[in-house]
Amino acid sequence: MTEEPHYYELVFEVARHIPAGRVTTYGAIANYLCLGSARMVGWALHQCAAGPSDVPAHRVVNRLGELSGRHHFRPPGAMQERLEAEGVTVADDRVADFRERFWSPEELDNE
DNA sequence: ACGCTGACTGGGT
DNA sequence: CACCCAGCCAGCG
């Protein structure tokens, strides 16, 4: 079994640590895991959406706080719906007070 | 093997 | 914040 965990698993693990009501960015996760490309994070979460998972992918937005991945949820709008259910205000496909809502995976090291 | 695409980002204008 | 450009890397035809 020399099956090493794909970087997808690492992304999922980090996403699972995002506190409810908070959001982070693809770049923040990519930087934390030293993936070198924020696109990898997007692809990883795409795989997550392809199957059943307990990964709160809706808490991951782009650097501007935009719900760039909303179109990949079913039904479309589920991303915004879930965020609002957690107390996150979303307007015009963007997270209100994004800067305050932002959570960095580096917070884990602060523990 | 090759090239394009994509849930991205940072820098410059 | 908006637009354009270049760098980035895995997946797919």
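This structure is a prediction, so every number in the text was calculated from the model and none was measured. Protein chains get the first letters and strands the later ones, always in sequence-line order, with residue 1 at the start of each.
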Report the distance from atom [atom1] of [X] to atom [atom2] of [N], rounded to the nearest whole Å.
X     : N      : atom1 : atom2 : value
A:D93 : B:dA7  : CG    : P     : 15 Å
A:R59 : B:dA7  : CZ    : P     : 22 Å
A:N62 : C:dA2  : CG    : P     : 11 Å
A:Y32 : B:dT9  : OH    : P     : 18 Å
A:R63 : C:dA2  : CZ    : C1'   : 11 Å
A:Y8  : C:dG11 : OH    : C1'   : 7 Å
A:M40 : C:dG7  : CE    : P     : 17 Å
A:H6  : C:dA10 : NE2   : C1'   : 11 Å

Exercise. List the steps, then state whether side chain to side chain contact (heavy atoms under 4.5 Å, CB included) holds for A:T89 with A:E84.
Key: CA-CA 6 Å; A:T89 304; A:E84 294 184 323; 5.7 Å; no
Practice problem: Report the residue from A:Y7, A:Y32, A:Y8, A:Y26 that forms a side chain to side chain contact (heavy atoms under 4.5 Å, CB included) with A:V41. | Solution: A:Y26
Quiz item: Of the options A:V60, A:L67, A:D93, A:V90, which is the one that meets A:M79 in a side chain to side chain contact (heavy atoms under 4.5 Å, CB included)?
Solution: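 Only match with A:M79 under side chain to side chain contact (heavy atoms under 4.5 Å, CB included): A:L67.
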Quiz item: Do you reckon A:F73 sits in the same ILVMFWY cluster as A:L45, going by side-chain contacts under 4.5 Å, direct or chained?
Solution: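 Each belongs to a different hydrophobic cluster.
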Quiz item: Across all strands shown, which nucleotide pairs with C:dC4 by Watson-Crick or G-U wobble geometry, both distances under 3.5 Å?
Solution: B:dG11
Quiz item: Going by modelled atom types, is there a donor-acceptor pair between the base of B:dG6 and the side chain of A:W43 at under 3.5 Å?
Solution: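 When only heavy-atom distances are counted, A:W43 does reach the base of B:dG6 through a donor-acceptor pair under 3.5 Å.
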Quiz item: Which atom names give the shortest non-hydrogen contact between A:A28 and A:F102, and what distance separates them?
Solution: CB-CZ, 4.0 Å
Practice problem: Over 60° means perpendicular and under 30° means parallel, so classify the ring planes of A:H46 and A:W43, tilted if in between. | Solution: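 Rings of A:W43 and A:H46: perpendicular, as their planes differ by over 60°.
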Self-check item: Proximal nucleotide (of C:dA10, C:dA2, B:dA7) relative to the A:F73 side chain
Solution: B:dA7
Self-check item: DNA chain C-proximal residues of residues 12-31 of chain A, any heavy atom under 4.0 Å
Solution: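 Here the set is empty: none.
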Self-check item: Test: A:R22 and A:E86 ion pair at under 4.0 Å
Solution: no
